[in-house]
Each structure stands twice: as C-alpha cells, then as structure tokens.
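Both counts, for ligands and for their atoms, begin at 1 and track the order of listing.
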Amino acid sequence: MNSFVTHLEAAIDGTILPAGQLHGMHGGRPIWVRYDLAAIRAAVTPDVIATRPPNLWRYRELLPLPLEVEPVTLGEGMSPILDCPRLAKSLHLERLLVKDESQLPTGSFKSRGMAVAVSMAKYLGVKRLALPTAGNAGGSAAAYAARADIECYVFMPEDTPAVNQMEPYLFGAKAYRVNGLINDCGKLVRDGMEKMGWFDLSTLKEPYRLEGKKTMGLEIAEQLGWRLPDVILYPTGGGTGLIGMWKAFQELKELGWLKSDKMPRLISCQAEGCAPIVKAFEAGSRFAELFPNARTIASGLRVPAAVGDFMMIDAIRASNGLAVAGREATIGEWMRRTSSATGISVCPETAVCFDVLEKLITDGTVKRSDEVLVFNTGAAQKYLEALPPDLPRVEKEKSFTQR
Ligand SMILES: *Cc1c(COP(=O)(O)O)cnc(C)c1O
C-alpha cells in the first residue's frame with residue numbers, strides 16, 4: 001500500500017468510488033476521500049509528526065498523494081497562530097487567536113488546496129487544468145501549475161481585484177475576464193471541457209482541494225497541543241475550508257490524537273451582499289438557493305451558489321455553530337482596526353468575521369472566556385479596491401525638523 005486512502009465516497013448518497021483515479025463530482029455533488037485510520041494510527045504518531053518539516057506535507061499519511069510520489073510544493077502550510085491581546089482587549093475577550101494564512105504562497109490559504117489538488121492531478125496524468133475564480137484561487141492554481149509544468153486556464157469575473165488579475169498572467173496561465181459571477185465562469189469551464197480536454201479544478205468539483213484545506217484543522221490541533229479552541233470563525237465562500245476543517249477534526253477524533261473530544265463551534269461568516277449559506281441556515285434548510293445580485297468587496301465570499309452547501313450546513317449544525325452575515329459597509333474599517341491592532345495583514349473576508357465576532361460577543365453567543373480563533377485567509381495587500389479611495393492613507397510631506 002502506497003497511500004492510506006481506502007476509497008472515495010459520494011457526499012450526497014454514500015456511493016463508494018475507487019481510489020487512485022481521476023474524479024470530478026458524483027450526482028453533481030462533491031466526493032469525500034476516506035482513509036484507513038486504524039492503519040494510520042499504527043503507522044505514525046503525533047511525536048513522529050512533530051519531527052517533520054513545518055509544511056502541510058508533515059501530515060502525509062492523512063493526504064491522498066502516494067507516499068513515494070514527490071509533491072508539487074511551494075513550502076505551504078504551518079502558518080502561525082498568533083495571540084492578539086490588544087485586539088482581544090478592545091473586543092472584551094480574554095483570548096483571541098488569529099491563524100494567519102496571509103503568509104502562505106501567493107498570499108492566501110488557497111495554496112493549501114492547490115498544492116494537494118495539483119500534486120494529485122500531475123500524479124494522475126493531467127496535462128491541462130481549468131478553473132473559475134472569485135479572486136485568489138486563480139493565482140494560486142496558476143502558481144502550482146507553473147511549478148508542475150501543467151497548462152492552466154483561469155476564468156474570472158470582470159471586476160476581480162487587480163492583483164488577482166495579474167497573478168495568472170505572472171505565473172504563465174491563460175486568463176479570461178467574464179461578464180458575470182463565478183458560477184458563470186464555472187459554466188465556461190464545463191462547456192469547454194470536451195473540446196479543450198482540461199481537468200476542472202473548481203472548488204469541490206474534484207476531491208483533493210478539500211484534503212489540502214483539511215490541513216488547517218490538523219495544524220490548529222497540533223499547534224495548540226492536540227486540543228481545539230472553543231470557537232472558530234471562518235469566512236465562507238465555496239466552503240472547502242469549513243468542510244475540510246470539520247473533516248480533519250473527525251479524523252483526529254477517530255485517530256485518538258486529541259486530548260479532549262470537545263469540538264469547537266464553527267461560525268461560518270459571510271458578507272451580507274452574498275450570504276446564501278446564512279440564508280439557508282436561518283431557514284433551517286440543508287441546501288442553499290442561488291443568492292441574487294451577489295455583491296461584496298470581499299471577493300472570496302462572492303460565491304452565490306456552492307455545490308458543497310449541504311456539507312457546510314451539516315458541519316455548522318454538528319458543531320453547534322452558526323452562519324452569520326457581516327456588514328459590507330464596515331469591511332474597510334475592520335481591516336484597518338484589526339491590522340493596526342495586530343500587525344497582521346487582514347483581508348476583507350476576515351474583516352467580515354470580526355464584524356460578526358463583535359456582534360456575537362455583544363449578544364452573548366460568544367462568551368468573554370471563550371478561546372476564539374479567527375482565520376485570516378488572505379493578505380490585505382491583494383485588495384487595493386477594499387480601502388475607501390478618499391481615505392487619507394499617506395499625508396502630504398512635511399518637515400519635522402525643529403527650527
Ligand atoms: C476563497 C477565499 C475564501 C473562501 O474560502 P472557501 O474555503 O472556499 O469558503 C475566504 N477568504 C479568502 C481570502 C479566499 O480567497
């Protein structure tokens with residue numbers, strides 16, 4: 001056996017699918033990767049993992065790439081968990097942690113999913129990739145495709161942040177601006193599949209990006225000494241991070257690596273201008289409807305329809321969590337307030353989480369004594385558009401010399 005994957009499993013109806021081959025979706029819905037956890041428990045321990053290099057490949061036994069295959073890597077993973085006492089104090093919290101994913105390759109946590117998905121695609125013989133992107137996914141895919149020497153096609157909405165438009169170009173991909181949203185871009189990928197013979201790398205439309213994102217959950221556990229925080233806030237678009245983290249926690253529980261089985265509450269945060277999961281959660285539904293006129297400056301959250309909606313909602317409910325929308329108008333302010341109180345480059349998606357956090361502290365849902373962890377999923381400097389243009393950012397020159 002060269003990997004611990006036993007099989008794949010359709011998320012919608014449990015259909016068993018063979019490992020070791022290319023998969024898209026099943027029944028129009030995502031696919032889980034399943035492992036022989038008893039064999040992993042016998043093969044490796046947390047102590048052994050602790051001796052490995054600080055990147056996501058340290059969890060090799062819990063990843064789908066066969067052990068003898070070289071991954072396509074840019075050194076992704078093991079982002080720091082930073083204690084933020086100044087910000088905690090201003091929010092009246094005892095302890096606030098930020099897992100800072102802005103430090104990953106291409107400046108966002110998308111590199112986790114892409115590292116694993118592109119590694120698997122290369123291993124399984126893919127020569128050409130295509131994907132829609134709301135922002136960071138395109139640049140990240142292009143970077144890993146460049147590293148793997150695989151052709152890459154990227155489709156993005158016309159108003160995608162400028163830096164995200166530059167990235168695919170920089171990394172040698174073919175990029176197209178689309179008059180529409182990410183689901184319209186996704187249709188172009190689907191429609192071109194037969195003629196172009198590309199592999200669809202869209203969020204949750206192949207099984208392995210999810211496995212890469214799962215490592216966020218593995219890292220939190222390891223970094224906190226094999227225990228988990230009380231509350232996790234996560235900015236939710238397509239949902240791979242949320243779903244992946246919850247999968248990681250279940251696998252760790254079954255492996256017996258956690259010192260306590262107490263699970264964190266997952267708070268899925270969306271921007272009020274595009275909040276399909278919040279809407280479905282509040283309606284008590286397991287599936288979301290297409291969110292009309294989706295608009296938000298937090299481009300990573302601009303996903304009006306997600307194929308993994310029910311997987312997100314299942315995870316939120318199982319964790320006794322919530323889905324909550326943050327206010328659009330406060331995004332720029334929160335970016336500055338949190339960045340200036342922490343030194344962390346906070347992206348607009350995470351700014352939304354802080355608006356939600358403040359609301360939940362005020363209404364008592366999050367207690368002062370709760371250990372809260374917020375994901376900073378990307379770097380602020382990728383979003384010049386998010387700061388108000390009339391903001392006095394840099395003042396006109398003046399002399400400070402004493403006369
Ligand atoms: C893609 C993205 C998100 C949303 O992530 P999902 O796991 O797909 O829900 C959040 N923040 C940033 C910066 C992103 O690029």
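- Within a 6.0 Å sphere centred on CZ of Arg52, other residues, nucleotides and ligands contribute more than 12 heavy atoms.
- For atom 14 (C) of ligand 1, the nearest non-hydrogen atom from the set Glu349, Lys110, Glu101, Arg112 belongs to Lys110.
- Interface of Tyr383 with ligand 1, defined as ligand atoms under 4.0 Å from a residue heavy atom, comprises 13 (C).
- In this structure a side-chain-to-backbone donor-acceptor pair under 3.5 Å is missing from Asp370 to Asp230.
- Remark: distances from the non-hydrogen atoms of Gly239 to ligand 1 include one below 4.0 Å.
- Nearest to atom 8 (O) of ligand 1 by heavy-atom distance, out of Gly308, Ala298, Cys269, Gly238, is Gly238.
- Annotation: salt bridge (charged side-chain N to carboxylate O under 4.0 Å, His left out) contacts involving residues 67-80, sequence neighbours excluded, are absent.
- The distance criterion of under 3.5 Å between nitrogen or oxygen atoms is met by Gly237 with respect to ligand 1.
- The contact set between ligand 1 and Gly241, taken as ligand atoms under 4.0 Å from a residue heavy atom, comprises 7 (O).
- Counting the atoms of ligand 1 from 1 in the order shown, those under 4.0 Å from a heavy atom of Thr236 are 9 (O).
- Of the polar atoms of Leu301, none of the N or O atoms is found under 3.5 Å from an N or O of ligand 1, judged by distance alone.
- Atom CG of Asn293 has 12 or fewer neighbouring heavy atoms from other residues, nucleotides or ligands inside a 6.0 Å radius.
- When only interatomic distances are considered, the shortest N/O to N/O separation between Thr240 and ligand 1 falls below 3.5 Å.
- At a heavy-atom cutoff of 4.0 Å, ligand 1 is contacted by no atom of Phe375, backbone or side chain.
- In terms of N/O distances under 3.5 Å, ligand 1 is approached by Lys213.
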Go through Glu219 and Lys99 one step at a time and tell me if the side chain to side chain contact (heavy atoms under 4.5 Å, CB included) criterion holds.
CA-CA 10 Å; Glu219 283 179 20; Lys99 185 150 174 70; 2.8 Å; yes
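- In terms of protein heavy-atom proximity, atom 5 (O) of ligand 1 is nearest to Phe109 CZ, 3.2 Å.
- Residue pairs meeting the side-chain hydrogen bond (donor to acceptor under 3.5 Å, both in side chains) criterion with at least one member in residues 268-282, sequence neighbours excluded, are Thr236-Ser268.
- Short contacts between ligand 1 and Pro235, defined as distances under 4.0 Å to a heavy atom of the residue, involve ligand atoms 4 (C), 10 (C).
- A side-chain donor-acceptor contact under 3.5 Å links Ser339 to the backbone of Ile344.
- The pair Glu94-Lys367 does not count as a salt bridge, with every side-chain nitrogen at least 4.0 angstrom from each carboxylate oxygen.
- Taking distance alone, with nitrogen or oxygen atoms compared against 3.5 Å, Gly300 stays at or beyond that limit from ligand 1.
- A salt bridge links Asp309 with Arg29: the distance from a Lys NZ or Arg NE/NH1/NH2 to an Asp or Glu carboxylate oxygen falls below 4.0 Å.
- The environment of Phe287 atom CZ is dense: over 12 non-hydrogen atoms of other residues, nucleotides or ligands sit within 6.0 angstrom.
- Closest to atom 12 (C) of ligand 1, if we only count protein heavy atoms, is Thr377 OG1, 3.3 Å.
- Ligand 1 has no nitrogen or oxygen under 3.5 angstrom from a nitrogen or oxygen of Thr203.
- When atom types are taken as modelled, the side chain of Ser299 and the backbone of Thr296 share no donor-acceptor pair closer than 3.5 angstrom.
- Atoms of ligand 1 found under 4.0 Å from any heavy atom of Tyr234, numbered from 1 in the order shown, are 5 (O), 6 (P), 7 (O), 9 (O).
- Close contacts between ligand 1 and Asn136 involve ligand atoms 13 (C), 14 (C), 15 (O) [criterion: under 4.0 Å to a heavy atom].
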